[in-house]
Protein chains: 2
Amino acid sequence: MTTIKDVANYANVSVATVSRVLNNKGYISKTAEEAVLKAIKELDYRPNSVARSLYHKTSNMIGLLMPDITNPFFPELARAVEDVAMSYGYTVVFCNTDEEMEKEKTYFEALKQKYVDGMILTTSNMDSTKYDEFDIPLVALDRIISERIPTVVSENKKGAMEATQHLIERDCKYIAHLRGPVGVRPADDRYNGFIEIAEKEGIGYVTADTQFSIELAEEKTLELFQSHPEIDGIFASSDVTAAGAMHALFKLNKQVPQDVKIVGFDGIPLGTMLVPSLTTIQQSIYKMGEKATQLLIDQIEQKAIDTYYHEFPTSLVVRHTT
Amino acid sequence: MTTIKDVANYANVSVATVSRVLNNKGYISKTAEEAVLKAIKELDYRPNSVARSLYHKTSNMIGLLMPDITNPFFPELARAVEDVAMSYGYTVVFCNTDEEMEKEKTYFEALKQKYVDGMILTTSNMDSTKYDEFDIPLVALDRIISERIPTVVSENKKGAMEATQHLIERDCKYIAHLRGPVGVRPADDRYNGFIEIAEKEGIGYVTADTQFSIELAEEKTLELFQSHPEIDGIFASSDVTAAGAMHALFKLNKQVPQDVKIVGFDGIPLGTMLVPSLTTIQQSIYKMGEKATQLLIDQIEQKAIDTYYHEFPTSLVVRHTT
DNA sequence: CTGAAAGCGCTAACAC
DNA sequence: GTGTTAGCGCTTTCAG
């Protein structure tokens, strides 16, 4: 490993001079600059970023905490974060917390110790005050943690209302809602949107709690039909649970969309892969990831942040399940 | 930020002593140890890992280069890597290279400068000699780069042979193979496996080149049926392309599996979500990720590596498309 | 057993 | 314009 000292020796200047040309700071004579550049090239020197970090207390790394990259909602988000981070010269460290507070805490600490310049949180099971204590740039993505942390979310409630309305317009008389994990904010918002429309329209409905698991969704759907055979519409809180519901219907020998109509939520590629393809509420996943990263970098680079709360519109994408 | 110096002052010892208790190295008296431990606790001190990195020339970070986390084959792999890394106290930096040599090079350099302790490569478009030059621990995962780099792959060819055999046993007379990206090793191996069995069994066949894109797979399938309407079996080189084929068949009004049977490759969750669910060649994705990470950490920790080449068995999972 | 001090590679005063 | 030097926070000889 060649160091700044080697370069200085080779170019017959001091390390300070080398540092100056490296950072374009202070006055350097043309000759000195050339000598240094030549030395750098010939020795194939690259500054050691750990040493820089130590001095600057900054690492050009950002942390990304998410529940589980294996859940098909997250890869696109992660991709967006990585793309933007990369374009600004930041590198991303990623961590799966499984919605477990312990893991979240461990990672949060570990990343702080690594001097990450900021973190994007797509998970939040820690006491929100825990985050507040720390003076590291943070952004909440698809979660709401505290109004002091810039936040990027979808219009979950509005989307859910639209989905429900759509089922009603498609003539559904009795709608089941496969609710997402209770306590997870976006899922709760969707639940509330569903209830609001169902009540307002005076339609029959029933709900069941699920997780982001296809098997569980299938099972719950089977149960629902046992107790409520009159169900003719399903609003699932995610595309994955919608897929689970479709399996259940297949088993029950119900035709989609003739006997039962389905709307999902997320707009992940899975929806188009299903046969019939899934009507869903499309979120601007990639854009949300971009925005969150932008907000984080703005904070890191001390730029003023105008708005702390960003809600991205959703849109109904009608495909073949309705 | 509280430093080792603060702890030393608080405990009335020298920084050397603090360092010793931190690392359980050298002799420390009970009293000194207790004083230090108390100081650490009361000041809520955590060692700065950047400073440690600078001294040790190690960062407890590993890099993970993959083509695109958005491709559903990769999240599980990434998850396995992260899980194992985490359990050994390593943190993972992840990068999407899009199979582009430029990005790969950029990331490779960037990570080296960050002192990552090693890298897992699920991508390889750089000249393999480029990797050899560098003396950083490396593991090739789902790719083969050089025999000097420990490698973890699936039995791609064998799996493909089994898939083809299965279609033949299911009475397919004319089989199409949706080939993966030409030049990507696992895809080429699958292609070769297919050809070998098709030739050996003297069955009719045709192939088409695809990428990991559902749309393209659908399009190519449509084209294939135009020129070869007698196709009654499809072996797709990935589950995603299999899904594309299913869409095409839906459009063509062909029944699966009655008119046409399909086998995919990968064994990603998508397969179970499709209706009918997809028969596929299951790879041990998670295990491969684990093994690769283990191999990397062994190298980092200077443990001897017994075998450089690890091939994981695949297995035929029969579901409803055959 | 413990402390002083050098040094990991780099940056930024502060002199000259 | 350029060099000297004191750190950034930590580890590890080397004395004592």
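None of the values given here were measured: they were computed from a predicted structure. Reminder, nothing fancy here: chain letters follow the sequence lines and each chain counts from 1. Just the heavy atoms: all of them, side chains too, but no hydrogens, waters or symmetry mates, feed the values below.
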What is the nucleic acid contact for A:Val50, judged by heavy atoms within less than 4.0 Å: base, sugar-phosphate only, or nothing? nothing
Length of the [atom1]-[atom2] vector between [X] and [N], whole Å:
X: A:Asn24; N: C:dT11; atom1: CG; atom2: C1'; value: 14 Å
X: A:Glu33; N: D:dG1; atom1: CD; atom2: P; value: 12 Å
X: A:Asn9; N: C:dG9; atom1: CG; atom2: C1'; value: 14 Å
X: A:Gln113; N: D:dG9; atom1: CD; atom2: P; value: 14 Å
X: A:Lys5; N: C:dA6; atom1: NZ; atom2: C1'; value: 11 Å
X: A:Lys57; N: D:dG9; atom1: NZ; atom2: C1'; value: 7 Å
X: A:Glu34; N: D:dG1; atom1: CD; atom2: P; value: 14 Å

Residue met sooner reading DNA chain D from 5', once B:Leu54 and A:Ser14 are mapped to nucleotides: A:Ser14
Should [X] and [Y] count as side-chain neighbours, where that means a heavy-atom distance under 4.5 Å?
X: A:Val93; Y: B:Val92; result: no
X: B:Ser154; Y: B:Glu311; result: no
X: B:Leu121; Y: B:Leu141; result: no

For the pair A:Tyr45 and A:Leu22, evaluate side chain to side chain contact (heavy atoms under 4.5 Å, CB included) and give the outcome as yes or no after the intermediate values. CA-CA 11 Å; A:Tyr45 165 77; A:Leu22 246 31; 3.8 Å; yes
Could you go through A:Arg143 and A:Glu99, starting from their C-alpha distance and side-chain angles, then the distance that decides it, and tell me whether this counts as salt bridge (charged side-chain N to carboxylate O under 4.0 Å, His left out)? CA-CA 12 Å; A:Arg143 294 293 162 102; A:Glu99 305 274 9; 2.9 Å; yes
Each nucleotide N or O in nucleotides 11-14 of chain D that has a protein N or O under 3.5 Å away: list the pair and distance.
residue: D:dT11; atom: OP1; partner: B:Asn23; partner atom: OD1; Å: 3.4
residue: D:dT11; atom: OP1; partner: B:Asn23; partner atom: ND2; Å: 3.4
residue: D:dT11; atom: OP1; partner: B:Arg52; partner atom: NE; Å: 2.5
residue: D:dT11; atom: OP1; partner: B:Arg52; partner atom: NH2; Å: 3.0
residue: D:dT11; atom: OP2; partner: B:Ser19; partner atom: OG; Å: 3.1
residue: D:dT12; atom: OP2; partner: B:Lys25; partner atom: NZ; Å: 3.3
residue: D:dT12; atom: O4'; partner: B:Tyr55; partner atom: OH; Å: 3.2

Of the listed C:dC10, D:dG9, C:dC1, the closest approach to the B:Thr3 side chain comes from D:dG9
Give a yes or no on whether B:Lys303 atom NZ has more than 12 heavy-atom contacts from other residues, nucleotides or ligands under 6.0 Å away.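 Yes, enclosed.
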